[in-house]
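For this chain, numbers begin at 1 and follow the sequence in order.
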Amino acid sequence: MTQSRPNEFIPPPECPVFEPSWEEFADPFGFINKIRPIAENTGICKIRPPPGWQPPFACDVDRLHFTPRIQRLNELEAQTRVKLNFLDQIAKFWELQGCTLKIPHVERKTLDLYVLYKLVKEEGGFDGVCKERRWTQIALKMGFAPGKAVGSHLRAHYERILYPYYLFQAGANLMVRSLKHFYNFPFPLFSLITFIKISQRISLKIRKYKQSKITCSVEQYICLVCGGGGDEDRLLLCDGCDDSYHTFCLIPPLHDVPKGDWRCPKCLAQECGKPPVAFGFEQASRDYTLRTFGDMADSFKSDYFNMPVHMVPTELVEKEFWRLVSTIEEDVTVEYGADIASKDFGSGFPVKNGTFKVSPVEEDYLSNGWNLNNMPVLDASVLTHVTADICGMKLPWLYVGMCFSSFCWHIEDHWSYSINYLHWGEPKTWYGAPGYAAEQLENVMKSLAPELFESQPDLLHQLVTIMNPNVLMEHGVPIYRTNQCAGEFVITFPRAYHSGFNQGFNFAEAVNFCTADWMPLGRQCIQHYRSLNRYCVFSHDEMTCNIASKADSLELELASAVQKDMCAMMLEEKMLREKVYKLGVWHSQQVDYDLLPDEERQCAKCRTTCYLSAITCPCSPDQLVCLYHIEDLCSCPARSYTLNYKYTLAELKPLFQALTARAESYEDWASKVNKILKADQDNKSDLEELRSLVVEAEKKSYPETDLLSHLRQVIQNADRCTSMAQQLLNGKRQTRYRSGGGKSQNQLTVEELKSFVNQLYDLPCTIRQAPFLKALLNRVEQFQQQSSDLLAEDTPGSSALQSLLDEGAGLDVELPQLVVLRQRLEQARWVEAVKEASDQPADLSLDCMRRLIDQGVGLTPHACVERTMARLQELLTVCEHWEEKAHNMLTARPRHSIETLEAALQEVDSIPAYLPSCLQLKDCVNGAREWIMEADALQAGGRIPGLAALSELVSRARSIPVMLEPLSRLESLISEVQAWKESAAKTFLLRNSSHSLLEVLCPRCETGPQKSKSKKAKDVSVPCKKVEVKLDSLFDVEKALSTSKYTVSAMATLSEVHQKELESLSMLRTSNESKFQSSPSCLAPTVCLCHTVPAGPMLQCELCRDAYHSGCVPGFKDIQTGLPWLCPLCKRSEKPPLDKVLPLLASLQRIRVRLPEGDALRYVIERTVRWQHKVQLVSPTQHPNGKVSLIKLGTELEELLVEGLLMQVTLPELQQLYRSLLNRFSPSQHSLQSSEHDHQYHIAQDRSPPHRSPPHSKGQDGIPETKKEPERLEKNSKRRLEKENTEGQHRDKIKKPKKKKPKLNKERRREEKRTTSPSNSLSDLSIIEMLEVLFSNLLHRSCLYNWVIVCLFALSAEQAENEDYICVSCAINDLTE
């Protein structure tokens, strides 16, 4: 089984990629020198030419043919090749013994015999592993799962296959080992007892053989181990040397005779001990052209990946390549057309005098420096001075690749540069290691595959071994990669190991070049080649001398590099020649090695090409050695050797001096530059001195060396740093947004500022702005420290954060703390806003809390924010709960009691927030309390509330969402009042009447035409100043009754309205009667509801005295004879009898609510009683003589009739009075007789006015009675006033009990003063008298007082006592007296 490896290949990091400008691309070596400090750290780099640089492909495709190399992928990798070599040796070992090796399987996987062999060997061998029972550990190391008894299987396979090979490698054979080794060997085919018996028999035969070997004859075939010839069926004959051995004498013993050829241990050692053949690539048997090779390559790739070649990803090809080279089971073979000489078939680049003809536009490519035919021989290239045309170094090589074809790890000859250009085709994948890691890479490969380097020390120079870059990287070797696409260059640097493979069919071209910086590396490479006994491609000393001979024409950089190299060469040569002289070599001769080919002047030992000197011996004139290996030439003494030299040391000096003279001035300049550039901090020069050195180099035309470029770069960097530092100090960079947020692209970070300051101090020259920037950096660091301290606080203040932010904003540096400070500032402001809102609970509403929470959600998380947020959310939750609870309480049905709400409000009072519903609930509770107090006060002390106040109180209670216990009682009281009003309305109101109950019960305010409802509404809506109480309308009367606190004031108001009613009616009667009197104009009057002239049967109203057409009056036929007829305008009610009205007054008393209708009903009864009393007074029975004047009696009766008709109660006295009036007047007095009805009369054709029935007689003075009627009314009024004044004087004389002193308050006194008049007093007395008459048969005299007080005036006994009411009996007695 193979050792576990990563499943996939991990690509190394990419190498640098450069894209030069046209100006940089014009100087190849100049650009390479420019990028060398970067690219040499990765070993390889890629260069993309400027867009448009596309040289024509000049190779002759039809003429090009080549034989590719065959590459078996699993033989390329070093570790895989070691395993394959081991398996080959094991297979050969068993094949020579007549057995065929079959690799076993364990756990369904092929057993890795190499790994098993190595692990057992590392663990102390087979005996040690068995003794310590460590097979399970070996199984685990090989990657097998534990607990499956794999260790026993591994032991059996090792014992059967690998242990015999191990013994063979250790040299344990039958000829030299004693029998004691057998006792330690576990035989799989024999038991221990059998093996002991065999051993004893072998020992006995050996002794007998030694005793009789001289005297006895030897059998034809005997065993060389035991010396016996018996058991011929067990005797084996070697197919190589014909030696014979018993099967049981072998180690280990054989169970059966092998079927094939068998070799004895001696022949086996000879065959297996032969040195292995060096590994190399075989040449294919077929010759290809570009076309045929391309067809083969594309077919292979498409078949392998089962997709078109252009669709296969490069990553997939790369992973598959490294999988194939690391596996033994899969054997994939590819072909690679490598190292094809361009001089045979032509380069891919066009060349001068070549077969490819370029167009005029493409002629520049012929001399272009990036043309690989030109690059090695440019003036700046050292290889220009190598005389030989070396293929691959000075002449490009061509490479035709296919998928998976690879080039193994190697470095270029003489550690030179190399450049590769991919003309066309699919990419080429490269891997490279920097030059400084070359020895590390070699050591890693030697440690991982030591068997390969034991047989081939220069294996890495053979370009036949590859190793997975991941393995090298695991051992610390830096590896970089790149994909070279068509039209791109890849450059490898000196001693940089590189390898790679092709992604598919492509065509590339490569060549070497060397620059002046390579010179010391080239000499070091010669020493390395000498240690490996590797031949050189050219003589480095010869190239140095050739360059020195042209010192005058050399560039200063090259002259200086060659001067240093030649100095080292002369010192080395002087030392070696002195060594040779000391060894006794005195003979010398000058030899022109330029004329000899390289093969004839190679050192016999190290194969180095000799040029300056060599040692020869007469014993072997064709052989020479370098001065390093003089002792390896031959066995002759050193004095017989001859020193062959090219130049004497004296002859080398002029060459060296010429180089020195050429490079001296440059060296002095370069030394001065190096001294300045390497000066310490205290000895730095200023920038102007560096500029002067550049001016000197330009003046003396020094070459564009790396040093000069570096100096210019330093000056350029210093200028840039100076400009940037000045801008930073002047604040001109505008590096921050004025709004306080964001970052400018030009703003420096703190690290960049530190790096910039360090860069200023690291410059080879001094910058005057550096100390100021250092101070700025100190301020920044101080700001960072302050920020760190402030941010460490749990709840920093917003003012401190803002001041620190302002300070940081003033620094022209990108400070990461500013972002955190802004976040903390937002947090602090939010926390302070929450605290400020919490300190003012009256303004902390739910919306405010939600808004604060929404603002806090967007903040960066922090402990203080989370705590504040938690408290705020908790408060919001509590508030929302109580708001919802309060809302539910306000809208609950049935409503909550006030005690429950007050208990809830006690909890709400502790919540520091503004809760509208809770406040509304509190207002409702307060309103409920006030309402209850008002309700209690309204009925306190036995008071009788008014309906308006009671209704207003109930209306308010309904708007209070609290369960109010008195409400139901008050509502029932109002319901009773409404029921009473409905009952009264049914009693009094006519059917479909337009009048209200109050309008019917109250005296009429207007006796003329009624105003429309809109007019009334208008009169009601017009506000007026309350200078005096106006009683001009029903609204004024209702308002006065509603606002009166006592019944007495209400009665006075109604009395005043009644007085106005009489006056208005008197004028109306006079006006209507005047219509029928003759007038000068003789115009017919308008009468009736139709406002037309009288015609036909007419009816005259007994109250208003207006005439009506019988056809205009509804119900004309139902008019009863002998009853007073009232017109539709005067008849306002049903005029129920008194016995139906008195129960209404009694039921109203039980309700105990004052209302305008009740007061009006009381006044109706009072008027009724008073009118009845008047009727009794004017009756003839009341006069002693029984005689009354006709005129006086008629006037009083008429007044009584009018007043009786005004009353809304039907009384028998009224009918009697009306009949008496009809009967008292004789028929002769009537001017008109009604033929059909008492109230009907006809209008004459001459339009004579109608005459009232009874007729109006003339007075004594001849004036008609109708004209004297107002005078009689006025006289009657005066007599009535005189009578009332007399009665008032008698009433004032009534003595009152002392204990019943008046206790009226000022308001009551003022009201009584305003409302009480002599007529009122007389009215009260008249009522009592009339009640006495009226109820003489119903009530006892002692009960009359209580009835008047309770029913008529709605007063309690206490109120009567407080208001000084006089007993009825006492009042009558006083009147009698």
**Student:** Check the surroundings of atom NE2 in H887: do more than 12 heavy atoms from other residues, nucleotides or ligands lie under 6.0 Å from it?
**Tutor:** no

**Student:** Decide side chain to side chain donor-acceptor pair (under 3.5 Å) for S798 and E832; before the verdict, give the C-alpha distance in whole Å, the side-chain angles of both, and the deciding distance to 0.1 Å.
**Tutor:** CA-CA 8 Å; S798 59; E832 291 175 358; 2.8 Å; yes

**Student:** How about I47 and V17: do any of their side-chain heavy atoms sit closer than 4.5 Å?
**Tutor:** no

**Student:** With side chains defined as the heavy atoms from C-beta onward, is the minimum distance between C924 and L901 less than 4.5 Å?
**Tutor:** no

**Student:** Compare every heavy atom of L422 with every heavy atom of N420, then report the nearest pair and how far apart it is.
**Tutor:** OD1-N, 4.1 Å

**Student:** Enumerate the ring pair (Phe, Tyr, Trp, His ring centres under 6.0 Å) contacts for residues 23-45, please, sequence neighbours excluded, ordered by first and then second residue.
**Tutor:** F25-W53, F25-W370, F29-F513

**Student:** Under a 4.5 Å cut-off applied to non-hydrogen side-chain atoms, are K754 and E781 in contact?
**Tutor:** yes

**Student:** Any salt bridge between E14 and K46, counting N to O under 4.0 Å?
**Tutor:** no

**Student:** Give the C-alpha distance, both sets of side-chain angles, the deciding distance and a yes or no for side chain to side chain contact (heavy atoms under 4.5 Å, CB included) between Q786 and E807.
**Tutor:** CA-CA 11 Å; Q786 293 177 355; E807 181 181 353; 3.5 Å; yes

**Student:** Does C485 offer a backbone N or O that forms a donor-acceptor pair with the side chain of E488 under 3.5 Å?
**Tutor:** yes

**Student:** What closest approach, in Å, do E883 and P916 show between heavy atoms, and which atom pair accounts for it?
**Tutor:** OE1-CD, 3.4 Å

**Student:** D686 vs T766, test: side chain to side chain donor-acceptor pair (under 3.5 Å). Steps then yes/no.
**Tutor:** CA-CA 5 Å; D686 57 6; T766 58; over 6 Å; no

**Student:** Under 3.5 Å, side chain of S803 to main-chain N/O of A800, donor-acceptor pair present?
**Tutor:** yes

**Student:** Is there a side-chain contact between I419 and V490, using heavy atoms and a 4.5 Å cut-off?
**Tutor:** no

**Student:** Run the side chain to side chain donor-acceptor pair (under 3.5 Å) check on Q802 and D806 step by step: do they pass?
**Tutor:** CA-CA 6 Å; Q802 185 63 52; D806 295 339; 3.0 Å; yes

**Student:** Side chains of N717 and Q713: any donor to acceptor distance under 3.5 Å?
**Tutor:** yes

**Student:** Is there side-chain contact between D719 and L687, with heavy atoms separated by less than 4.5 Å?
**Tutor:** yes

**Student:** How about E439: does its CD atom have over 12 heavy atoms from other parts shown lying under 6.0 Å from it?
**Tutor:** no

**Student:** Who passes ring-ring contact (aromatic ring centres under 6.0 Å, His included) against W830, sequence neighbours left out?
**Tutor:** none

**Student:** So with a 6.0 Å cut-off around CZ of R720, is the heavy-atom count from everything else above 12?
**Tutor:** yes

**Student:** Please check this pair: side chain of H862 against backbone of T860, looking for a donor-acceptor N/O pair closer than 3.5 Å.
**Tutor:** no

**Student:** Do T42 and P434 have side chains that approach each other closer than 4.5 Å (heavy atoms only, starting at C-beta)?
**Tutor:** no

**Student:** Report the distance from atom CD of E751 to atom CZ of F756, rounding to the nearest 0.5 Å.
**Tutor:** 15.0 Å

**Student:** Under 3.5 Å, is there a donor-acceptor pair between the Y417 and D517 side chains?
**Tutor:** yes

**Student:** Decide yes or no on salt bridge (charged side-chain N to carboxylate O under 4.0 Å, His left out) for R481 and E318, but give the supporting numbers first.
**Tutor:** CA-CA 11 Å; R481 72 172 300 282; E318 184 176 23; 3.1 Å; yes

**Student:** Tell me, do R824 and Q817 make a side-chain contact under 4.5 Å, heavy atoms counted?
**Tutor:** no

**Student:** Can you tell me if K684 has over 12 outside heavy atoms packed within less than 6.0 Å of its NZ?
**Tutor:** yes

**Student:** Determine, stepwise, if the pair I32 / T515 fulfils side chain to side chain contact (heavy atoms under 4.5 Å, CB included).
**Tutor:** CA-CA 10 Å; I32 294 173; T515 56; 5.7 Å; no

**Student:** Return the minimal non-hydrogen interatomic distance between L905 and V925, and the atom names on each side.
**Tutor:** CD1-CG2, 3.7 Å

**Student:** Just by modelled atom types, is the L815 backbone N or O under 3.5 Å from a matching donor or acceptor in the Q784 side chain?
**Tutor:** no

**Student:** Under the side chain to side chain donor-acceptor pair (under 3.5 Å) criterion, do T749 and E814 qualify, and how do the steps go?
**Tutor:** CA-CA 4 Å; T749 63; E814 179 196 349; 5.1 Å; no

**Student:** Run the side-chain hydrogen bond (donor to acceptor under 3.5 Å, both in side chains) test against D854 and tell me which residues pass, sequence neighbours left out.
**Tutor:** none

**Student:** Does E40 have any salt bridge (charged side-chain N to carboxylate O under 4.0 Å, His left out) partners at least two apart in sequence or in another chain, and if so, which?
**Tutor:** none

**Student:** One pair to check against salt bridge (charged side-chain N to carboxylate O under 4.0 Å, His left out): E836 and R829. What are the steps and the verdict?
**Tutor:** CA-CA 10 Å; E836 181 180 356; R829 287 176 175 173; over 6 Å; no

**Student:** Quick one: ring-ring contact (aromatic ring centres under 6.0 Å, His included) partners of Y431, sequence neighbours excluded?
**Tutor:** W322

**Student:** In Å and rounded to the nearest 0.5 Å, what is the OG1 to NZ distance from T795 to K835?
**Tutor:** 8.5 Å

**Student:** Within a strict 4.5 Å, meaning less than it, do heavy atoms of the E902 and R929 side chains meet?
**Tutor:** yes

**Student:** Taking it one step at a time, do W882 and E907 satisfy side chain to side chain contact (heavy atoms under 4.5 Å, CB included)?
**Tutor:** CA-CA 9 Å; W882 277 107; E907 299 183 28; 2.9 Å; yes

**Student:** Just by distance, no angles: are the side chains of Y497 and E442 close enough, under 3.5 Å, to form a donor-acceptor pair?
**Tutor:** yes

**Student:** Between S959 and P961, which heavy-atom pair has the shortest distance, and what is it?
**Tutor:** O-CD, 3.5 Å

**Student:** Please set out all donor-acceptor pairs under 3.5 angstrom arising from side-chain atoms of residues 845-852, sequence neighbours excluded.
**Tutor:**
from	atom 1	to	atom 2	distance (Å)
S845	OG	C848	N	3.2
D847	OD1	R850	NH1	3.3
R850	NE	E880	OE2	3.3
R850	NH2	E880	OE2	3.1

**Student:** For L707 and A670, work out which heavy atoms get closest and say how close.
**Tutor:** CD2-CB, 3.2 Å

**Student:** Does the side chain to side chain contact (heavy atoms under 4.5 Å, CB included) test come out yes or no for C864 and R867, once each step is laid out?
**Tutor:** CA-CA 5 Å; C864 65; R867 288 197 303 270; 3.8 Å; yes

**Student:** Quick check: does any side chain N or O of R895 sit under 3.5 Å from a backbone N or O of I960, one acting as donor and the other as acceptor?
**Tutor:** yes

**Student:** Counting only heavy atoms not in Y436, do more than 12 fall under 6.0 Å of its OH?
**Tutor:** yes

**Student:** Between C15 and I44, what is the shortest heavy-atom contact and its length?
**Tutor:** CB-O, 3.5 Å

**Student:** In plain terms, say whether E874 and R871 are close enough for a salt bridge, that is, a side-chain N and a carboxylate O under 4.0 Å apart.
**Tutor:** no

**Student:** Hey, is E688 close enough to R691 for a salt bridge, meaning N to O under 4.0 Å?
**Tutor:** yes

**Student:** Hey, does the side chain of T877 reach the backbone of Q873 with a donor-acceptor pair shorter than 3.5 angstrom?
**Tutor:** yes

**Student:** Donor-acceptor pair, distance only, cut-off 3.5 Å: does the side chain of S788 make one with the backbone of Q785?
**Tutor:** no

**Student:** Answer yes or no: is there a donor N or O on one side and an acceptor on the other, between the side chain of H896 and the main chain of A892, under 3.5 Å?
**Tutor:** no

